[in-house]
Amino acid sequence: MKSICLIGFMGSGKTTIGEAVAKKLDLTFLDTDSEIEKWREFDIPTIFETEGEGRFREYETQVLKKLPFQSAVIATGGGIIEKEENRKWLSEHFFVVYLQTSFDVIQQRLDGDEGRPLWNQELEKKEKLYKERKPKYIECADFILNIRKQSVSEVVDQIVSGIKQI
Ligand SMILES: Nc1ncnc2c1ncn2[C@@H]1O[C@H](COP(=O)(O)OP(=O)(O)O)[C@@H](O)[C@H]1O
Ligand SMILES: O=C(O)C1=C[C@@H](OP(=O)(O)O)[C@@H](O)[C@H](O)C1
C-alpha cells in the first residue's frame, strides 16, 4: 500500500491523527520532525535557534527523501510544502492527505504551545503564513479533509474510508 502522508498547518492534527491511522491500518508510523530530532540529536526549537530555519528546511528535505514509499503513515511538519521540490516529491511518491483546519481551531489547540518556533510569533505573521501556505497544501493533496469539530476517531474513519475509495 502506498504510504500516506499527512500535511497541514501546525496544530492541524498530523501527528495525533497519523498515529491513530497507522494503528487502525496496522502500518508503520513516522514523523518527519521526530526523524530530524533523532538524526540531529537536538529538538526542533534548538535547531531553529542554533542553525536557523534555512538549515532546518535542508534537513527536512533530506528526511523526506528517505521516507518509505510503501506501508507507512507519515506526519510531516507544517512547512514541508514550502519548497517546490518537496511538493513535487510528495505528489509523486505518496497518497497525500491535507488536514484543512481553520485558523481559529488551530489557535484553540495551540494556545500556550511553546514547541513550535513559527507559532511563537505575532498573530498577524501567523495568519499571513496560514494564508500563504493554503494553496501549497491544496496543490499537493490527493485528498482534502475539512476539519471542524470532528473527534480524532471521526477524522481517522474519514481518512480510512477516503483511502478505500481510491
Ligand atoms: N480532531 C482533533 N480534535 C481535538 N483535538 C485534536 C484533534 N487533532 C489534534 N488535536 C490536538 O491538537 C494538538 C495538535 O495536534 P498535533 O497532532 O500535534 O498537530 P500537528 O502534528 O499537525 O502539529 C494536540 O494537542 C492534539 O491532541
Ligand atoms: O509550520 C512549520 O514551518 C513548522 C511546523 C512544525 O511541525 P508541526 O506542523 O507538527 O507543528 C515543525 O516542522 C517546525 O516547527 C516548522
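Any value given below was found using the heavy atoms of this structure, including those in side chains, with hydrogens, waters and symmetry copies removed. One-based numbering, in listed order, for ligands and for the atoms of each.
Listed by first then second residue, pairs satisfying side-chain hydrogen bond (donor to acceptor under 3.5 Å, both in side chains) with a partner in residues 38-47 read Glu35-Lys38, Arg40-Tyr59, Asp43-Thr46, not counting sequence neighbours. Every pair passing salt bridge (charged side-chain N to carboxylate O under 4.0 Å, His left out) that includes a residue from residues 98-114 is listed here, sequence neighbours excluded: Asp113-Arg116.
Counting heavy atoms under 4.0 Å from ligand 2, residue Arg57 touches it through the side chain alone. At a heavy-atom distance under 4.0 Å, no atom of Trp119 approaches ligand 2.
In this structure, Ile144 CD1 and Tyr98 OH are separated by 7.5 Å, a value rounded to the nearest 0.5 Å. The structure places OH of Tyr137 at 4.5 Å from CD1 of Ile81, a figure rounded to the nearest 0.5 Å.
Set against the non-hydrogen atoms of Leu118, the atoms of ligand 2 under 4.0 Å away are 2 (C), 3 (O). Taking a cut-off of under 4.0 Å to the non-hydrogen atoms of Ile44, the atoms of ligand 2 that pass are 14 (C), 15 (O). Close approach to Pro117 involves these atoms of ligand 2, each under 4.0 Å from a residue heavy atom: 15 (O).
Ring-plane geometry between Phe48 and Phe56 is classed as tilted, the angle between the planes lying from 30 to 60 degrees on a 0 to 90 degree scale.
At a 4.0 Å heavy-atom cut-off, the residues surrounding ligand 1 are Phe9, Met10, Gly11, Ser12, Gly13, Lys14, Thr15, Thr16, Arg109, Arg116, Gln150, Ser151, Val152, listed by chain and number.
Looking at Ile47, Thr32, Asp33, Leu6 and measuring to atom 13 (O) of ligand 2, the nearest heavy atom belongs to Asp33. Residue nearest to atom 1 (O) of ligand 2, selected from Lys126, Arg133, Arg116, Lys14: Arg133 (by heavy-atom distance).
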Run the side-chain donor-acceptor check on residues 68-76: report pairs under 3.5 Å with partners two or more places apart or on a different chain.
residue, atom, partner, partner atom, Å
Gln70, OE1, Met1, N, 3.3
Thr76, OG1, Leu6, O, 2.7

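Heavy atoms of other residues, nucleotides or ligands lying less than 6.0 angstrom from NZ of Lys66 number more than 12. At most 12 non-hydrogen atoms from other residues, nucleotides or ligands lie less than 6.0 angstrom from CD of Glu49.
Formation of a donor-acceptor pair under 3.5 Å by the Ser12 side chain with backbone atoms of Phe9 is found in this model.
Within the 4.5 Å cutoff, no side-chain heavy atoms of Gln150 are placed close to those of Asp157.
Nearest protein neighbour of atom 5 (C) of ligand 2, counting heavy atoms only, is Gly78 N, 3.4 Å.
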